[in-house]
Amino acid sequence: VIDDDGLARRSLAALLAAAQFSVRTHESAIAFLTDLPEIEFGCIVTDLYMPSVDGIELIGYLRACGASTPVIVLSGRGEVPLAVKAMRAGAIEFLEKPVEADELIAWVRSALVYQNAAPTYVSPG
Amino acid sequence: MTSSNDYGRRRLWGPKGLRVILVEDCWHIGLGLKDLLQEWQVDVAGPVATTVEAERLISEQVPDVAFVDLILRGGEWAYDLIDRLHEKAVRVIVTTGYSDVQVVPGTVAAILRKPFSEEQLLAALNLVDP
């Protein structure tokens, strides 16, 4: 879970942990990218609007370094062009906040199935 | 002079030491709120999802501040609970997904529209407890 807002980050972590997912939280895309080499398997749930590197830019960085980790993008502003931009960048889904618990859990489950069938992080070196 | 809930006993800055109850039927929001408030060293009771459970918490210890979702488990409205909290001099912060909330003037200290951020949460706490 990547979200610069502490409340959203904790609420999402509580929701996903209750659904038996192992959850790591990061307060920025940069913090997540720093930890990326240690993460072998998973699904990213990220906020769209974050300082420095936003959710769509994060997807760009991931794809550029060969990581196929599935990404679900969340946004408080349900703007169609942004949803389209996120999906074009490679997000598997774009959900509006506040997210429906069942919907998010279902998407994370789907994402993990997707990841099982795809190669994970590939070192750029 | 301290109030009936001994408000004057505590803290030098920030929400540390504030006694808060959480009345929220969306449990992950309640747990997220609790986690964040506890990080700020707020004394948190709940979350609870019904007015009956909220009344039980209040009977154990009257809080300084109550976060109250307007519509609780099973569609129960929280207006009566808000009135009772107000009678006990508890400052009420309503949390709701609705934009056109009607409350009795003076009974509610702040309204937080969901989804709200950490920053908005802190601002509301500062507003009710400067």
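Everything quoted here is computed from the prediction, not taken from an experiment. Proteins get letters first, then strands, A, B, ... in listed order; numbering begins at 1 in each.
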Minimum heavy-atom distance A14(A)-L31(B), with the two atoms named: CB-CB, 3.9 Å
Connected via hydrophobic side-chain network under 4.5 Å: L70(B) and V52(B): no
Pairs of heavy atoms under 4.5 Å with chain B: top-ranked of A17(A), A13(A), G6(A), A18(A): G6(A)
Cluster link W107(A) to L112(A), ILVMFWY, side chain under 4.5 Å: yes
Neighbour count above 12 (heavy atom, 6.0 Å) for Y61(A) OH: no
Given L122(B), I29(B), D35(B), L36(B), the one that forms side chain to side chain contact (heavy atoms under 4.5 Å, CB included) with L7(A): L36(B)
Derivation and outcome, side chain to side chain contact (heavy atoms under 4.5 Å, CB included), residues R10(A) and E39(B): CA-CA 11 Å; R10(A) 285 167 176 80; E39(B) 190 168 293; 2.5 Å; yes
CD/E60(B): more than 12 non-hydrogen atoms of other groups inside 6.0 Å: yes
Distance (rounded to the nearest 0.5 Å) between C26(B) SG and L15(A) CG: 7.5 Å
Over 12 non-hydrogen atoms of neighbours within 6.0 angstrom of CD in E119(B): no
Reported NZ-to-OG distance for the pair K114(B) and S11(A), which is rounded to 0.5 angstrom: 10.0 Å
Residues, nucleotides or ligands: over 12 heavy atoms within 6.0 Å of E27(A) CD: no
NZ/NE/NH1/NH2 to OD/OE distance under 4.0 Å, E118(B) and R9(A): no
